2 protein chains.
Amino acid sequence: MSGLEGNRKVGRLAPVRRTSTVDLIAERLREAVVDGSLPPGTVLGEAELAYQLGVSRGPLREAMQRLTAEGLLVIPRRRGLAVKTMTPEDVRDIHWLRATIEPELGRRILTLAAADRRTVLAELGAEVKRMQRALRKDDARALGDAYLDFHRVLAGWGGSLRLARMLGTLLIETRLCTFSMFEHFEVHRDLVPEHVAFVEALAADDGERFGILMRAHLEAEVRRLLAEPEDAKEDEADRLLAETPDEPQPLDRLDLPEGL
Amino acid sequence: MSGLEGNRKVGRLAPVRRTSTVDLIAERLREAVVDGSLPPGTVLGEAELAYQLGVSRGPLREAMQRLTAEGLLVIPRRRGLAVKTMTPEDVRDIHWLRATIEPELGRRILTLAAADRRTVLAELGAEVKRMQRALRKDDARALGDAYLDFHRVLAGWGGSLRLARMLGTLLIETRLCTFSMFEHFEVHRDLVPEHVAFVEALAADDGERFGILMRAHLEAEVRRLLAEPEDAKEDEADRLLAETPDEPQPLDRLDLPEGL
DNA sequence: GATAATCAGATTGTCGACAAACTTACAATA
DNA sequence: TATTGTAAGTTTGTCGACAATCTGATTATC
């Protein structure tokens, strides 16, 4: 998951990482969005949320602005903040963007020094193993988490801070897509073999193949999320039946520790 | 420069665009960064800046967070805010990212309906004309502005809101690169023919060629900005001579109207 | 009975103030 | 003379409060 902070000199002390309150709040909110404590569409009042986080409204509002810039939150006028609900159009947009970026990432990883490349493969392999374990246990949550981390590893080794940040956001948005489209996590059995193939392609030094696989995977993801004709008519039906009537979700209690 | 808001129904009223104070401040700051009123490295005090903008520190701080998320500002601990200074590494990073994204954009524009494509070509042509006029007048500022708008048109017609936002930020960062590397605007005569070629490639329906040209242009830009060996040893020397000793730039007065 | 106007409640947007933290300069000591 | 310790000043980080605004419902009128 690292790879960007490789310029640490041995013997010298790395600068202390001091993080501001706003950073902490933003990180907390991001977590809450990723792990589903704040489902899409959730509307939150500033005062209540600030109280739960143990901070005042000032820093909270600053963190909100940051998450808004990342596209995770929307701020309707005079109604606090709401977790962004992804539309089918968003799903397509996000995955199209990922499909342009991630194949390039693979190509770039293959230009790394041999040692680094081995590290990447090891890290990716570890994530795939996590995915396999999760699949065996039918733990959709863990599968999703490993999925995110797999792609974060990719992003981290792309050699671009900016791109890592952007892809990081896109991945959280991907998670939001899942939450927006389904009420619960889905276990996709195809996911693991697909990612095994990614690693194999990289191991075989075949960037071209990696790109093709990645684009195919992302297109498949869009189909799965939008439950488009081909593979899942029944899924669509199930979804519609299981779906709650989408009432304006009331303040969903944040389950966060009191003392920040 | 538009293209994303094409879903406006005739006869229906478009929703009123009400913009919050934070939006206004953020936009003002972005402008100031783009037009050079706030050169890279500028350190600003919150109180002073808030006073100049005619708002209190609260909304200003919120806007700061947003610009920070965009990578335009950095917030050193307890020293207000500073306009980000781009390093050579940033220059390479930004242009590499653009080189990944913008060719794809051309390909996507070519999939547009014929009518839309004509509109794009017209808009791009207009920007090229602006660039030509600017070049004739040796107006580096105007040339740079038209350059930005040319690429913004591209971004706007890519059919992706997210990508338009990202590329928008990258373009502002590009401008910051110029300011970070040189003390003044530079007139690059090659710029205009390069962009004429872009339009021609699109007009000829040749996405492949467009991509190649774009990548070449961006690589050339990096060389120009970093004054790398090939084309500009003397430029490098000139630059070093002309350069001020990079003293911690004191509060550079914002030239903004009082009443917001 | 339906539409418009009014009113109360709640929540945001904004501001002013206080205290903690950091920087810088100066002085004291080894 | 160099280095450490001290102190003052400045600026941020955070909080609490007030007022404007919006929502939702109730009432009055046609």
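None of the values given here were measured: they were computed from a predicted structure. Naming: A, B, ... by sequence-line order, numbering from 1 per chain.
Nucleotide C/dC15 holds its P atom 11 Å from the CZ atom of A/Arg61, rounded to whole Å. One can place CE of B/Met64 at 14 Å from P of D/dT11, the figure rounded to the nearest angstrom. Rounded to whole Å, atom P of D/dT11 lies 17 Å from atom CD1 of B/Ile75. Distance CD (A/Glu46) to P (C/dA10): 17 Å, rounded to an integer number of Å. The CG atom of B/Leu73 sits 13 Å away from the P atom of D/dT12 (whole-angstrom rounding). Per the geometry, CG belonging to A/Leu60 stands 14 Å off P belonging to D/dG16, to the nearest Å. At whole-Å resolution of the value, CG in B/Leu81 and P in D/dT12 are 9 Å apart. Note: CG (A/Leu24) to C1' (D/dG13) measures 13 Å, nearest angstrom.
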Nucleotide-resolved protein contact map, nucleotides 18-23 of chain D, B/S/- at heavy-atom distance under 4.0 Å: --BSSS
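Taking 4.0 Å as the cut-off between side-chain N and carboxylate O, B/Asp145 and B/Arg175 count as a salt-bridged pair. Under 4.0 Å is where a charged nitrogen must lie from a carboxylate oxygen, and between A/Arg162 and B/Glu173 at least one such pair does. For the pair B/Glu89 and B/Arg92, the salt-bridge criterion is not met [side-chain N within less than 4.0 Å of a carboxylate O]. Ion pairing of A/Arg30 with A/Asp35 is absent here, as no side-chain N (NZ or NE/NH1/NH2) approaches a carboxylate O to less than 4.0 Å.
Checked by atom type and distance alone, the side chain of A/Thr68 never pairs as donor or acceptor with a backbone atom of A/Val74 at under 3.5 Å.
A donor and an acceptor atom, one from each side chain of B/Ser20 and B/Asp23, are located under 3.5 Å apart.
For the pair B/Ala47 and A/Gly58, both in contact range of DNA chain D, the more 5′-proximal nearest nucleotide belongs to B/Ala47.
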